[in-house]
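Input: a single structure, listed below in structure tokens.
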Amino acid sequence: MNDVMTALSARTSPLPQFIGAEIYRGSTYGPWHPLRVPRVSTVMDLSRALGWLPPAQFITSPRAKTAALTGYHTAAYLAALQAAEAAQTVSDAVRARHGLGTPSNPVFSEMFRRPATAAGGSLLAGELLKNGGIIYSPAGGTHHGLPDRANGFCYLNDPVLAIQSLRRNGAQRVAYVDIDAHHPDGVEHAFAQDPDTLLISTHEANRWPRTGAITDQGAGQVFNLPVPAGLHDDDMALILHELILPAVTAFRPDAIVLQCGADAVLEDPQSRLCLSNNAHWAVVAALRDIAPRYLVLGGGGYNPWSVGRLWTGVWAVLNDHEIPDHLPDQATGVLRALRWDGAPKRLQPQDHWMTTLRDAPRQGMIHDAVRSGVAQLKPRIVGA
Ligand SMILES: [Zn+2]
């Protein structure tokens, strides 16, 4: 058997597991916040409407205990976050120190319980993957969270907690791949100097948080590729085959964590990238069989239709379900029931958002910045 076959045979759980929860349904960061839209509940509803989420593959996410969060977060921050949820207000001092009660990270009714549930899913995933397997937790992927403060819509950093949990449960070498439109500053902060954690990120150049320079090297295992506005599927295919796959394969990871943020698609209001969801699904599929443990997380994604369709398709890819060209009535009903108050004018709902999961591919000439960026990073791949 080759290495990949040996790795895969270590998987004892034959079916991928979906970690979700009802707390995400109806939870909102407030009427003007990009995270006013439903996301995880749409994925659960669509997957069930398509017959893809039987009880045997669904796990209700536990809420993480405070003590379990101190692997990355400070006790003072966790106490402030819980106090803010209880009081539904914060002092100026707490706002200044911990970044709570800001436009990005507002006070809202589930501001501790919701992220603690996503973090609980990530911590549990590391345990469940002890002997190998595939887990999907679309509520995870909050990659901006910092030890002592909220940041960029993220209150806790569940990807960091997931990697720590994987390591406690037998995975020494972890490859973290992040295809969200934004750089995972919190994850890089945590692991930049850890040679056992490979960090690969594609993110829109010159966009918040403006970290993630191509020159970052960490302990030699940090690969940041800022990508230009207009990034399309052919660009991403080149990045996948010339950078992501060679780097991950050469690293020989015991586990792969993919942050699959949905904000790099054309229909998303928070980036100028132009991927179709086919690009994300290609990455999900290509990374699936490289390591014995595979955890796929969500992340950004602010158009309720594009994020719901993309992330449901991720679950299909993980399970080898064929994605139908036209959705059955029950699934279109889920999509037609969504609302997006305050949608940008350029993003008024389109008919195929209601009737399909798969976007039309978005192809084009490879951007020079993509080609040159990959060429700059590729020599740093050890053993490639
Ligand atoms: Zn993002």
Side-chain angles (χ1 to χ4, degrees), residues 13 15-29 35 37-48 52-73 78 81-82 85 108-131 133-145 150 153-169 171 176 186-187 255 257-262 284 293-301 307-308 310-312 314-315 318-319:
S13 178
L15 290 174
Q17 299 290 306
F18 184 119
I19 298 181
E22 285 297 322
I23 193 170
Y24 310 110
R25 190 185 302 278
S27 167
T28 170
Y29 279 39
L35 282 176
V37 301
R39 309 187 321 150
V40 175
S41 54
T42 310
V43 181
M44 290 163 53
D45 293 349
L46 275 177
S47 297
R48 289 192 172 117
W52 293 347
L53 198 52
Q57 285 185 268
F58 182 80
I59 298 168
T60 297
S61 180
R63 189 190 310 162
K65 299 273 193 297
T66 311
L69 301 171
T70 55
Y72 184 58
H73 296 285
L78 296 168
L81 181 57
Q82 286 179 284
E85 180 177 277
F108 71 99
S109 54
E110 306 90 15
M111 63 186 289
F112 173 73
R113 287 170 292 158
R114 172 174 163 167
T117 302
S122 277
L123 289 161
L124 177 64
E127 296 170 24
L128 295 176
L129 289 169
K130 184 172 187 139
N131 296 312
I134 297 174
I135 293 183
Y136 182 36
S137 180
T142 55
H143 57 175
H144 299 303
F153 311 169
C154 303
Y155 295 81
L156 300 170
N157 196 314
D158 75 275
V160 170
L161 295 161
I163 292 167
Q164 292 175 337
S165 178
L166 283 162
R167 193 151 282 145
R168 279 195 297 274
N169 288 282
Y176 175 81
V187 183
V257 178
L258 172 64
Q259 199 272 20
C260 194
V284 172
R293 304 167 183 83
Y294 191 22
L295 172 60
V296 180
L297 304 172
V307 67
L310 193 161
W311 285 354
T312 303
V314 168
W315 183 234
L318 293 175
N319 285 278

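Contact detail for Phe58 and Ala21: the closest heavy-atom pair is CZ-N, 4.2 Å. Contact record, Ala119 with Leu156: CB-CD1, 4.2 Å, taken as the closest heavy-atom pair. For Pro115 against Glu110, the heavy-atom pair with the smallest separation is CD-O, 3.5 Å. Nearest heavy atom pair, residue Gly261 against residue Trp311, reads C-NE1, 4.4 Å. Smallest separation of non-hydrogen atoms from Ala171 and Ala255: CB-CB, 4.0 Å. Smallest separation of non-hydrogen atoms from Val160 and Val187: CG2-CA, 3.9 Å.
None of Val314, Ile135, Ile134 except one satisfies the side chain to side chain contact (heavy atoms under 4.5 Å, CB included) rule with Val296; the exception is Val314. Results of the side chain to side chain contact (heavy atoms under 4.5 Å, CB included) test with Thr312 over Val43, Val307, Leu53 single out Val43 as the only residue that passes.
Applying the side chain to side chain donor-acceptor pair (under 3.5 Å) rule to Tyr72 yields the partners His189; only residues at least two apart in sequence or on another chain are considered. For Asp158, the side chain to side chain donor-acceptor pair (under 3.5 Å) criterion is met by Ser122, Thr142, not counting sequence neighbours.
Using cut-offs of 30° and 60° on the angle between ring planes, the pair Tyr29 and Phe153 is perpendicular. Phe18 and Trp315 have perpendicular rings, their planes meeting at more than 60° on a 0 to 90° scale where under 30° would count as parallel.
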Could you walk me through whether Ser61 and Ile23 pass the side chain to side chain contact (heavy atoms under 4.5 Å, CB included) check? CA-CA 10 Å; Ser61 180; Ile23 193 170; over 6 Å; no
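Here the OH atom belonging to Tyr136 is positioned 14.5 Å from the CD1 atom belonging to Ile59, to the nearest 0.5 angstrom. Note that the CZ atom of Arg113 and the CD atom of Glu85 stand 4.5 Å from one another [nearest 0.5 Å]. Note that CG of Leu69 is 6.5 Å distant from CG of Leu123, once rounded to the nearest 0.5 Å. Here the CG-CD distance, from Leu166 to Glu127, works out to 10.0 Å after rounding to the nearest 0.5 Å. Leu124 contributes atom CG, which lies 10.5 Å from atom OG1 of Thr60 (distance to the nearest 0.5 angstrom). The CZ atom of Arg25 sits 5.0 Å away from atom OG of Ser41, with the distance rounded to the nearest 0.5 Å.
Counting only distance, with no hydrogens or angles, the side chain of Ser165 and the backbone of Leu161 share no donor-acceptor pair below 3.5 Å. The closest donor-acceptor contact from the side chain of Gln17 to the backbone of Leu15 lies under 3.5 Å. At distances below 3.5 Å, not a single donor-acceptor pair connects side-chain atoms of Trp52 with backbone N or O atoms of Leu46. A donor-acceptor distance shorter than 3.5 angstrom exists from the side chain of Arg39 to the backbone of Gly301, with no hydrogens or angles considered. Although no hydrogens or angles enter the test, the distance criterion places no donor-acceptor pair under 3.5 Å between the side chain of Ser47 and the main chain of Met44. Of the possible donor and acceptor atoms, none in the side chain of Gln259 sits under 3.5 Å from a partner among the backbone N and O of Pro159. Using a distance-only test at 3.5 Å, with no hydrogens or angles considered, no donor-acceptor pair links the side chain of Tyr155 to the main chain of Arg114. Between the side chain of His73 and the backbone N or O of Asn157 there is at least one donor-acceptor pair closer than 3.5 Å. Between the side chain of Arg167 and the backbone N or O of Gly126, no donor-acceptor pair lies under 3.5 Å. Looking at Tyr294, its side chain never comes within 3.5 Å of a backbone N or O of Pro16 through a donor-acceptor pair.
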